[in-house]
Amino acid sequence: MASDDLIRVANLKKYFPVRTNLLASLRSKEVPMVKAIDGVSFTIPRGKIFGIVGESGSGKTTTGRAILRLEEPTAGSVTIEGEDIVKLDKEELKKRRREMQIIFQDPFESLNPKMTIYEVVVEPLEIHRIGKDEEERRKLVSEALEEVQLIPPEDFLFRYPHELSGGQRQRVAIARALILRPKFIVADEPVSMLDVSIRTEVLNLMLDLQEKFGLTYLFITHDLAIARYMSSNIGVMYLGKIIEFGEVSEVLDDPDHPYTQALMAAVPVPDAERKRGELPIRGETPQPINLPPGCRFNPRCPYAFDKCFKEEPELFPVEPGHGAACFLYADFHSGRLERGRLPKY
Ligand code: SF4
């Protein structure tokens, strides 16, 4: 682990058993599993933003939740400052949770509608017994609201979530996450439920806070433009695996995995003259309960060859710090394939 890595995720898996009827479960000894995440690994240096991008159902949200143990991982490790939080007992985990917070996608659902804004934001302080009395906690809550630009805080403290706009509600959720002075925040599609006109404001606020407090983010999004705006490095997920990773500009400007190329080819470009090459990606994403043997992208990949139907590719290096889970890059790396013969969108 490099000394400046705050988070290291190694071979993280989360499988969910599928409910079957009694007769089916008596017939089969094996419980069918949905492999929501299936061996995800990455590191995030302190003070950096790592973006996870992918379509709905790719395992992005489950990855964020498993890292914080809001879902218990099936296997793998999540190390923060050298300590594997997967191995912590309940009390130890509670202490670490102060340092690891989450901002959920939907501020309409994540805030208890029966609690005032003060009660929502003070709750983490009470759970962790921070602040010697009510007066001190009130001061901390007011400061947290000021930090997210809910000013003056007295105007917000005793209002209810339904009295605020979507953007204000998400600011409250950010204040709640920040009040414990965490080191690491999982932001799970934090602006996707907000009006387009206020998304940039909330993203800029998150960037300002990241700089001010030296925060480290795992930023989950399906929106490639937002991933580019927010992240220094990204991982592209497909059916529970990271299939390409690297610096955000390298991955999005010069994608190597055929799936990333297809994602980028699908992004509309403002200049009608500048058409991207058609990528003949076909079919639907398979179900994670019924993954194809070999490379999980093989049913849709225009470049699939024999080996792709028998073996699963690991992440092969393309450039330093940039990798793709595709056999074409194994051949490229070993010199059996020239760069000019690699697929390009
Ligand atoms: Fe396509 Fe084969 Fe590469 Fe998978 S390993 S992305 S099927 S070429």
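Just so you know, ligand 1 is whichever comes first in the structure, and atom 1 is the first atom listed for that ligand. Starting from 1, each residue takes its place in the sequence as its number. Predicted model, so just to flag it, every value in this text is computed and none were measured.
Counting heavy atoms under 4.0 Å from ligand 1, residue His257 touches it through the side chain alone.
Considering only residues two or more places apart in sequence or on other chains, Glu72 meets the side chain to side chain donor-acceptor pair (under 3.5 Å) condition with Arg69.
Using a 4.0 Å cut-off between charged side-chain N and carboxylate O, Glu99 and Arg96 make a salt bridge.
The closest approach between Arg296 and ligand 1 stays at or above 4.0 Å for every heavy atom of the residue.
Excluding waters, the count of protein N/O/S atoms less than 2.8 Å from atom 1 (Fe) of ligand 1 comes to 1.
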Which side-chain N or O atoms in residues 148-162 pair as donor and acceptor under 3.5 Å with protein atoms at least two apart or in another chain?
{"from": "Arg159", "atom 1": "NH1", "to": "Asp155", "atom 2": "O", "distance (Å)": "3.2"}
{"from": "Arg159", "atom 1": "NH2", "to": "Glu163", "atom 2": "O", "distance (Å)": "3.4"}

Name every donor-acceptor pair, under 3.5 Å, that has one atom in a side chain of residues 51-60 and the other anywhere in the protein, sequence neighbours excluded.
{"from": "Glu55", "atom 1": "OE1", "to": "Tyr259", "atom 2": "OH", "distance (Å)": "2.6"}
{"from": "Ser58", "atom 1": "OG", "to": "Glu55", "atom 2": "O", "distance (Å)": "2.8"}
{"from": "Lys60", "atom 1": "NZ", "to": "Gly54", "atom 2": "O", "distance (Å)": "3.0"}
{"from": "Lys60", "atom 1": "NZ", "to": "Glu55", "atom 2": "O", "distance (Å)": "3.2"}

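Across every non-hydrogen atom of Arg181 and Phe213, the tightest pair is CZ-CE2, 3.7 Å. When every heavy atom of Tyr217 is checked against every heavy atom of Phe184, the shortest pair comes out as C-CE1, 4.1 Å.
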message: Let's go through Ser197 and Asp195 carefully: what are the C-alpha distance in whole Å and the side-chain angles of both, what is the deciding distance for side chain to side chain donor-acceptor pair (under 3.5 Å) to 0.1 Å, and is it a yes or a no?
response: CA-CA 5 Å; Ser197 60; Asp195 202 83; 2.7 Å; yes
